[in-house]
Amino acid sequence: MAVVQRQPGKRDILAGLNEEQIRAVTTVAGPVLIVAGPGSGKTRVLTHRVGYLIEAGYASPWHILAVTFTNKAAREMRTRLEALIGLDQAQRLTVGTFHATCARILRRDGGRIGIDPRFTIYDDADQLEAVRQALKALGLDPKQFSPRSILSRISAAKSQFQSPQQFAEQVQSYWDEVVSRVYPRYEEILRRNQALDFDDLLTETLRLFHEHPDVLARYQDWYRYVLVDEYQDTNRVQYLLVRAISGAHRNLCVVGDPDQSIYGWRQADIRNILDFKRDYPDATEIHLELNYRSTRSIVEAADAVIRANRLRIERRLRTENPRGEPIRLRECYDEGHEAQFVASEIRRLTLRGDLRYRDIAVMYRTNAQSRPLEEALIRADIPYQLIGGLRFYERKEIKDALALLRFIANPNDSVSLQRVLAYTPLGAGIGDRTWQELERWAALTRQPVARGIAALAGQSDVVPPQISGRPARLLAEVWGTLQQLWEASERLLLSELFDLALERSGLAQLYHDAGDPEQIERWENLLQLRSVLASYDSVGDGALRAFLEESALVTDADTLDDASDQVTLITLHAAKGLEFPVVFLTGVEEGLLPHARSLESEAQLEEERRLFYVGMTRAKQRLYITYTFRRARFGAADLSVRSRFVDDIPVHLIDRGDGPARPDTSPARPVDRRATPSDGASSPPLAVGMRVFHARFGDGVVAEVRPVQSDQEVVVDFKRHGRKTLLASLANLTVD
DNA sequence: TGGTTATTTGTTTTT
DNA sequence: CAAATAACCA
């Protein structure tokens, strides 16, 4: 009977899959390693595998745990499964990132190892602040010991499951010695603030499992089928977590591609995937190598590039797709010109009609490279979305408002409290010295800073910090306001609480009542935050915590909006897992890709090469690779050298663009500039009164020409668009 | 205490 | 060329 019911669903689920994919979907028992090349239908296999487990009756949805790399990937998998197996079933699945999943486990069972379920999750900025505090407490100069490097060392130690004690025992250098003193302080600060950092979410969960086998057994019994995506980017702790949870049933399926391992710097250990067969000798290994995504030119080029790596499993990327367009390689004069080339090429592609903005992505190694690109796109009136960079949740006004909310949710979180006192009008009149004293008091009494303020307000019988006069009076007032907010948080909806918090803290007055455009934009950002909060109103009691949980764990890629028609600007790292018909890889230069800081070791260099490979394989139809002749670094211009990785692409796959004339793409050569400094590289000589034509603004008359540096600024009165000021070398004006 | 300016310093990638 | 920090004055 049951078998009869299963059959139709089963056929549906396997429809349209190739032989290897079907094997990957239907090999459900025991350990399975799926090595999936780019574009080989990996996501499809994963979702169908989950669907198959359910439809074929192997497991109920709640017995399945799927771990993804980003929240977006998790959401996408859930959405696809809703279509495949229905909303009800899909909702019962556990799909999430390692961090989100661990946070959930710790909120539920962390009490067993002394973790308060209200714990705050510290993001990167919070962690840095904690390191700075620790340095200060130790009397160390943050100039000499950069908090950034210390934090990354601490994080590395944590990822290897090393306690401060264990770390101290194996110190090998003076630098490590310093870190070994900061590390325990840092931990103490986090604990005092009831905070966990990203690493703690993982390591504490592992500790919970170690110390309480009954808890582990419960999760093992709960999650009988475990799937891990992007396995090549897991670290040691994640490896141990996976091994623990799947330890009893051993139904573990990991999917990944060693050639796309790009998070070594975050302690991702490529050996996890390379050694999977050693860890699970009975594992079934399945290779998905046929690429469905890209044209043959792109696949062959990418394959040639990655084959130059030594640390990899030998294999060949294949496709049955047509050859398509050659890969376009362009040298540009500088980053401004590169951006201009990208913009005009986007314009050209979209004007032809078959491509939309959303089909196009522009990728780069470092966030800093996005600036000139943005400027060129704005100038060309091309809509774009920037992924990463200054994220929404990193804007000052958002962080301030968020700090207030975080403090309301967890009064022991003194990093948030500090932010509230330092940056909101609530803390006006309370300066650095007062905060120093509060902190000193907190470290001395090993209590949260908030207790000290409570003591000052006469709300506690502990010995108060040594603060008197105006600051003491102000702090007592602040305490009163905060108490109102706590009380309000119990009866108000989240959006109402937010309104009250903005009003009482003075943030509303600060941003709303001020008139200048910058403040108005900030106020609009706050309103945007409010609308996010309002969507949690229906959650009920845990709304604030639910919101904070998600906002702490959002990824850059999570903010990607694929509904609207915009060009995507994105770092190579964040682009992993995405695909676009057209991809521009920009700044493909020595020092940038490979990055200057990755040149020391062969391993780092290979990771940079994988990064380039990831970028190339995002493209479905057209791939552009651009590099410059000179690039501004530190404000000053430096000559650039084209990346060595480009040399690995077979020349017959490349179009260098020096064939038939292409008026809008010829890069200005440096020689041109030097030869005619007052004349815009290849632009026609312009004079007042000339009738000119512009691709976007149409017909116009030159009203003014003035030299600027090595170029000319032209003021043109356009018939339909009015007066515009343009740079001669970029405007591409044609003289009628 | 808090706002201003001068100087100095440094840029990878992110859950 | 920024942003972040230090020094300075009100």
Side-chain angles (χ1 to χ4, degrees), chain A residues 67-74 96-103 121-125 127-128 132 141-144 146-149 151-152 155 158-159 196-203 230 233-235 237-238 261-268 335 363-372 387-391 393-394 396 421-423 425 427-436 467 469-471 474 550-559 570-576 587 591-599 604 607-608 610-612 614-615 631-638:
Chain A
V67 184
T68 58
F69 196 69
T70 63
N71 295 301
K72 178 168 191 285
T97 61
F98 272 103
H99 296 270
T101 307
C102 285
I121 299 172
Y122 271 12
D123 68 14
D124 189 61
Q127 293 180 55
L128 279 175
R132 279 196 200 99
D141 181 9
K143 273 282 162 59
Q144 206 175 345
S146 103
R148 175 84 288 153
S149 331
L151 179 60
S152 81
S155 174
K158 285 190 174 191
S159 301
L196 298 181
D197 64 21
F198 287 133
D199 299 307
D200 289 333
L201 292 176
L202 308 179
T203 56
E230 307 284 9
D233 285 321
T234 52
N235 64 25
V237 179
Q238 291 167 329
S261 161
I262 53 174
Y263 284 94
W265 50 274
R266 214 172 70 189
Q267 316 310 319
E335 65 276 1
M363 304 181 184
Y364 37 80
R365 176 66 233 264
T366 68
N367 282 306
Q369 288 167 251
S370 70
R371 263 268 172 87
I387 308 299
L390 15 148
R391 282 172 268 188
Y393 285 103
E394 278 172 12
K396 185 187 172 300
L421 292 180
Y423 296 115
I430 298 160
D432 203 42
R433 274 203 43 199
T434 307
W435 178 258
Q436 292 301 324
I467 297 168
R470 203 172 95 97
L474 287 169
E550 292 200 20
S551 69
L553 297 172
V554 285
T555 322
D556 281 343
D558 295 335
T559 63
I570 193 167
T571 63
L572 287 165
H573 279 92
K576 190 181 69 168
L592 225 39
L593 184 68
H595 195 272
R597 288 168 77 140
S598 313
L599 297 177
Q604 285 181 317
E607 181 154 313
E608 295 289 306
R610 289 195 291 270
L611 202 47
F612 184 48
V614 165
R631 181 175 294 272
R633 294 172 72 85
F634 289 114
D638 252 354

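Numbered from 1 within each chain, the chains take letters A, B, ... in sequence-line order. It should be emphasised that the depicted structure is a prediction, and the values quoted were computed from it without experimental measurement.
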Provide a list of protein-nucleic acid N or O atom pairs under 3.5 angstrom, restricted to nucleotides 7-10 of chain C.
none

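- Atom CG of D638(A) is separated from atom P of dG10(B) by 17 Å (rounded to the nearest Å).
- Using a cut-off of 4.0 Å between Lys/Arg side-chain N and Asp/Glu carboxylate O, R631(A) and D638(A) are scored as not salt-bridged.
- In this structure, the nucleotide among dT12(B), dT11(B), dT14(B) sitting nearest to the side chain of N367(A) is dT14(B).
- Contacts of R470(A) with the nucleic acid, taken as non-hydrogen atoms under 4.0 Å apart, are absent.
- Taking atom CG of residue D233(A) and atom P of nucleotide dT14(B), one finds them 13 Å apart after rounding to whole Å.
- Among dT14(B), dT5(C), dT1(B), the nucleotide with an atom closest to any side-chain atom of R132(A) is dT5(C).
- Per the geometry, CD belonging to Q436(A) stands 14 Å off C1' belonging to dT1(B), to the nearest Å.
- Partner L611(A) forms a side-chain contact (heavy atoms from CB on, under 4.5 Å) with one of R365(A), H595(A), M363(A) and no other, that one being R365(A).
- If you measure from atom CG of L599(A) to atom C1' of dT12(B), you get 12 Å, rounded to the nearest angstrom.
- Below the 3.5 angstrom threshold, one finds no donor paired with an acceptor across the side chain of H595(A) and the base of dT12(B).
- Residue L553(A) holds its CG atom at 6.5 Å from CG of L201(A), rounded to the nearest 0.5 Å.
- Between N235(A) atom CG and dT13(B) atom C1' there is a gap of 16 Å when expressed in whole angstrom units.
- Summarising the geometry, the separation between CG on L553(A) and P on dT14(B) is reported as 16 Å, rounded to the nearest angstrom.
- Put simply, CZ on R266(A) and NE2 on H573(A) are 9.0 Å apart, with the number rounded to the nearest 0.5 Å.
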- [ ] Could you go through the side chain to side chain contact (heavy atoms under 4.5 Å, CB included) check for L593(A) and L572(A) one step at a time?
- [x] CA-CA 10 Å; L593(A) 184 68; L572(A) 287 165; 3.9 Å; yes

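- The gap from the P atom of dT5(C) to that of dT12(B) amounts to 16 Å, rounded to the nearest Å.
- Aromatic rings from F69(A) and Y263(A) are positioned such that their centres are separated by under 6.0 Å.
- For the atom pair CZ of R470(A) and CD1 of I430(A), the computed distance is 8.5 Å after rounding to the nearest 0.5 Å.
- The residue L202(A) sits apart from the nucleic acid: no heavy atom pair falls under 4.0 Å.
- Regarding contacts with the backbone of dT12(B), every side-chain N or O of S598(A) stays at 4.0 angstrom or more from both OP1 and OP2.
- Contact annotation: T571(A) does not reach the phosphate of dT12(B) (side-chain N/O to OP1 or OP2, under 4.0 Å).
- Both F98(A) and R365(A) lie near DNA chain B, and the one whose nearest nucleotide falls closer to the 5' end is R365(A).
- In this entry the distance linking CZ of F69(A) with C1' of dT14(B) reads 8 Å, nearest Å.
- For R597(A), a side-chain nitrogen or oxygen approaches OP1 or OP2 of dT12(B) to under 4.0 Å.
- Separating the CZ atom of R371(A) from the P atom of dA3(C) is a distance of 6 Å, rounded to the nearest angstrom.
- Side-chain contact, S149(A) with S146(A): a donor N or O sits under 3.5 Å from an acceptor N or O.
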